[in-house]
Amino acid sequence: MTVPHRIRALLTLLVAAAVVIVATGSALGRVGAHGAQKRAIMNAAGLRPATPLGCYDVDISTANRAWAATHYAGSEHNPCLRYAADGVSITHYARGRWHFVTAGSAFSCPIPGHIPAAVQHDLRLFCHRG
């Protein structure tokens, strides 16, 4: 059975789009945490237990899933404002739970906490010298 040209072209386009989506997702180097895992990371980062999950983004490194970054995701025009904070908190999973490592809005080099370079890249952690 032969496949009509239009269907073959459409299938080729869909496969190409899927490859781009997969490549882009893996290039991001981080995945979002949800539910109980997100709450555990937010607690380790020092956020109050009453802080709504939606007020913060929690990203887990794909280079090493034992590292996470937590940062404010709300705006100044929503109920999250009372939980607003600047910067990012870094946590590490060890001995069965998440632990606070460091936090800040500008890091000097090297970033405190012995965070692996691949994790720093995944979580978009940058430092400045001097």
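By convention here, the first residue in the shown sequence is residue 1.
With rounding to the nearest 0.5 angstrom, the NE2 atom of His92 is 6.0 Å from the CG atom of Asn64.
Summarising the geometry of Ile60 relative to Ala33, their closest heavy-atom pair is CD1-CB, 3.8 Å, with the distance given to 0.1 Å. Taking all atoms of both residues into account, the shortest heavy-atom contact from Cys80 to Gly74 is CB-CA, 4.1 Å. Pairing each heavy atom of Thr51 with each of Cys55, the nearest pair is CG2-CB, 4.4 Å. In this structure, Cys109 and Arg129 approach most closely via the heavy-atom pair CB-NH1, 3.2 Å. Across all their heavy atoms, His99 and Ala94 have their closest contact at NE2-O, 2.9 Å.
In this structure, Val88 and Phe107 have side chains that are in contact, with non-hydrogen atoms separated by less than 4.5 Å. Within the 4.5 Å cutoff, the side chain of Val119 has no heavy atoms near those of the Leu125 side chain. Residues Met42 and Leu53 are in side-chain contact: their nearest non-hydrogen atoms beyond the backbone lie under 4.5 Å apart. Looking at heavy atoms from C-beta onward, Leu47 lies in side-chain contact with Tyr56 at the 4.5 angstrom threshold. Counting heavy atoms from C-beta outward, Gln37 and Val58 have side chains that stay 4.5 Å or more apart.
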(message) Under the criterion side-chain contact (heavy atoms from CB on, under 4.5 Å), I'd like the reasoning laid out for Gln120 against Ile111: C-alpha separation, chi angles, the key distance, then a yes or no.
(response) CA-CA 9 Å; Gln120 291 180 34; Ile111 297 175; 3.5 Å; yes

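Applying the side-chain hydrogen bond (donor to acceptor under 3.5 Å, both in side chains) rule to Ser61 yields the partners Asp122; only residues at least two apart in sequence or on another chain are considered.
None of Trp98, Trp67, Phe100 except one satisfies the ring-ring contact (aromatic ring centres under 6.0 Å, His included) rule with Tyr93; the exception is Trp98.
For residues 78-90, every residue pair satisfying the side chain to side chain donor-acceptor pair (under 3.5 Å) rule, not counting sequence neighbours, is listed here: Ser75-Asn78. For the salt bridge (charged side-chain N to carboxylate O under 4.0 Å, His left out) condition, the pairs that include at least one residue of residues 48-73, sequence neighbours left out, are Arg30-Asp59.
Follow the hydrophobic side-chain contacts under 4.5 Å out from Tyr72 and you reach Ile41 in the same cluster.
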